[in-house]
Amino acid sequence: MIAPIRAVFAAGQRRAFSASARDLSKVTVLGAAGGIGVAADISHINTKSSVKGYDPTPTGLANALKGSDVVLIPAGVPRKPGMTRDDLFNTNASIVRDLAKAAAESSPNANLLIISNPVNSTVPIVAEVFKARGVYNPKRLFGVTSLDVVRASRFVSEIKGTDPKDENITVVGGHSGVTIVPLFSQSSHPDLTSNAELVNRVQFGGDEVVKAKDGAGSATLSMAMAGARFADSVLRAAQGEKGVIEPTFVDSPLYKDQGIEFFASKVELGPNGVEKVLPVGEIDGNEKKLLEACLGDLKKNIEKGVAFVAANPPK
Ligand SMILES: NC(=O)c1ccc[n+]([C@@H]2O[C@H](COP(=O)([O-])OP(=O)(O)OC[C@H]3O[C@@H](n4cnc5c(N)ncnc54)[C@H](O)[C@@H]3O)[C@@H](O)[C@H]2O)c1
Ligand SMILES: O=C(O)C[C@H](O)C(=O)O
């Protein structure tokens, strides 16, 4: 994982590592020998931090987690061409469940940033494990959906000839296929809501990278950049910065009346994690249809994660 401004991570071939960036912040990455969790090269980045790698043993894992403020989890397998993110469930669900158990035991108060796919299901898995141990804090669990926003901004800028850093596209819902809902009507280019090709590109942007890598994995560099951005926002808010708003997949009040416990929307971050879940806001007819399709799939993905932990509790 490329570093947020306040933390540098390095891992070598080890699976977990942590970085104490400022005196007050310890960041742990679980899955730190992979494409996103990266490796020793990250420790060469010139930010003020100390970096330590841990062996993939229960003791190493506990030591990596102990006292952490932020725990990023990119552990698990990535997609190959032809697969959906849900096809990763059978492998990644138990990986995430077991790492969640370790986090619940060793760093129950950390902010948990879940990258492992399928995010729509792995986030509920973490919640269930924490609930079972009586340490669940809905304000500190985040599914990382920043890459969808990064992609949307980039793709829009290519169409409009703008600088992507000036584009601010809200993306809500979840993190797979039709659950990814870009809200162009809320951007400075409301005309784009009828651009079905663009909407499809945002929803299935991950597939472009999977195809390009041709069996060698999925997005790593853009994900590392997006994950670093999100982790940095969480740290800045934790350290008292006001007005930090990021889209993220959280335990959300927005669609609970429809039985949907988690939803990605803009969230104001604060010292305690989620400060405020912002409403979806005004959307147009095209987006209403997208949202409807999203909610159906999302509900199933969430329930799948919950059912998995009920049937297969961590040992
Ligand atoms: N949320 C997103 O936007 C997003 C973006 C890109 C990738 N991803 C997901 O992130 C995950 C990782 O992708 P990658 O490209 O880094 O894959 P990778 O195969 O390169 O790395 C995965 C790492 O996880 C480690 N791992 C496996 N089981 C583990 C365990 N029990 N404990 C600790 N570590 C373990 C592996 O050793 C490996 O180092 C995938 O599930 C992928 O789909 C999510
Ligand atoms: O597409 C994937 O499987 C990885 C990631 O979720 C992405 O959006 O790039």
Side-chain angles (χ1 to χ4, degrees), residues 1-2 9 11-17 28-40 42 53-58 60-62 64-65 71-103 112-123 125-126 142-152 154-155 171 173-177 179-180 201-213 215-231 247-249 264 301 314-315:
M1 168 64 65
I2 286 175
F9 314 135
Q13 289 313 303
R14 293 174 176 176
R15 279 190 178 171
F17 66 88
T28 301
V29 178
L30 304 179
I36 304 167
V38 200
I42 300 301
Y54 296 84
D55 290 323
T57 60
L61 185 55
L65 287 165
V71 177
L72 288 132
I73 306 188
V77 293
R79 285 197 285 166
K80 291 191 186 317
M83 291 172 81
T84 66
R85 291 181 186 82
D86 188 55
D87 292 333
L88 303 174
F89 186 94
N90 286 346
T91 308
N92 290 352
S94 54
I95 292 174
V96 172
R97 175 200 61 194
D98 294 346
L99 293 175
K101 179 187 170 230
L112 304 158
L113 279 49
I114 314 302
I115 294 170
S116 313
N117 272 315
V119 166
N120 295 357
S121 304
T122 53
V123 170
I125 286 173
V126 175
F142 305 90
V144 181
T145 57
S146 318
L147 183 51
D148 300 318
V149 175
V150 165
R151 280 191 179 122
R154 172 86 200 192
F155 298 164
V171 183
H175 179 68
S176 70
T179 71
I180 299 170
R201 194 173 179 212
V202 173
Q203 293 187 317
F204 294 90
D207 297 55
E208 286 183 20
V209 183
V210 170
K211 199 168 160 213
K213 291 200 174 180
S218 57
T220 51
L221 300 180
S222 53
M223 179 61 236
M225 176 267 182
R229 174 174 127 174
F230 185 66
T248 169
F249 185 69
N301 294 159
K315 297 195 179 82

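Each ligand, and each atom within it, is numbered from 1 in the order the structure gives.
Polar contact check, Asn92 against ligand 1: a nitrogen or oxygen pair lies under 3.5 Å apart. The distance criterion of under 3.5 Å between nitrogen or oxygen atoms is met by Gly76 with respect to ligand 1. Close N/O approach between Arg79 and ligand 1 is not found [any backbone or side-chain N/O within under 3.5 Å]. The shortest N or O to N or O distance between Thr220 and ligand 1 is not below 3.5 Å.
Comparing Val77, Ile115, Thr145, Asp148 against atom 44 (C) of ligand 1, the shortest heavy-atom distance belongs to Ile115. In this comparison of Gly31, Pro78, Gly34, the heavy atom closest to atom 19 (O) of ligand 1 sits on Pro78.
Of the N and O atoms on the side chains of Ser218 and Lys80, not one donor lies less than 3.5 Å from an acceptor on the other residue. The closest side-chain donor-acceptor pair between Asn120 and Thr179 falls under 3.5 angstrom.
Per-residue contacts place Val144 under 4.0 angstrom from the following atoms of ligand 1 (heavy atoms of the residue considered): 1 (N), 3 (O). Close contacts of ligand 1 with Val119, meaning ligand atoms under 4.0 Å from a residue heavy atom, involve 1 (N). For ligand 1, the atoms lying closer than 4.0 Å to a non-hydrogen atom of Leu88 are 43 (O). Interface of Ile95 with ligand 1, defined as ligand atoms under 4.0 Å from a residue heavy atom, comprises 28 (N), 29 (C), 30 (C), 31 (N). Atoms of ligand 1 found under 4.0 Å from any heavy atom of Ala33, numbered from 1 in the order shown, are 39 (O).
Heavy-atom separations between Gly217 and ligand 1 are all 4.0 Å or longer.
Side-chain contact between Phe230 and Leu147: absent, with no pair of heavy atoms (C-beta onward) separated by less than 4.5 Å.
In this structure, Phe155 has no ring pair (Phe, Tyr, Trp, His ring centres under 6.0 Å) partners at least two apart in sequence or on a different chain.
Closer than 4.0 angstrom to ligand 2 lie heavy atoms from Arg79, Arg85, Asn117, Leu147, Arg151, His175, Gly206, Ser218, Ala219.
Centroid-to-centroid, the aromatic rings of Phe249 and Phe142 stay 6.0 Å apart or farther.
Contacts with ligand 1 closer than 4.0 Å are made by backbone heavy atoms (N, CA, C, O) of Pro74 only, the side chain lying farther away.
Of the options Arg85, Arg79, Met83, a side-chain contact (heavy atoms from CB on, under 4.5 Å) to Asn117 is made by Arg85 and by none of the others.
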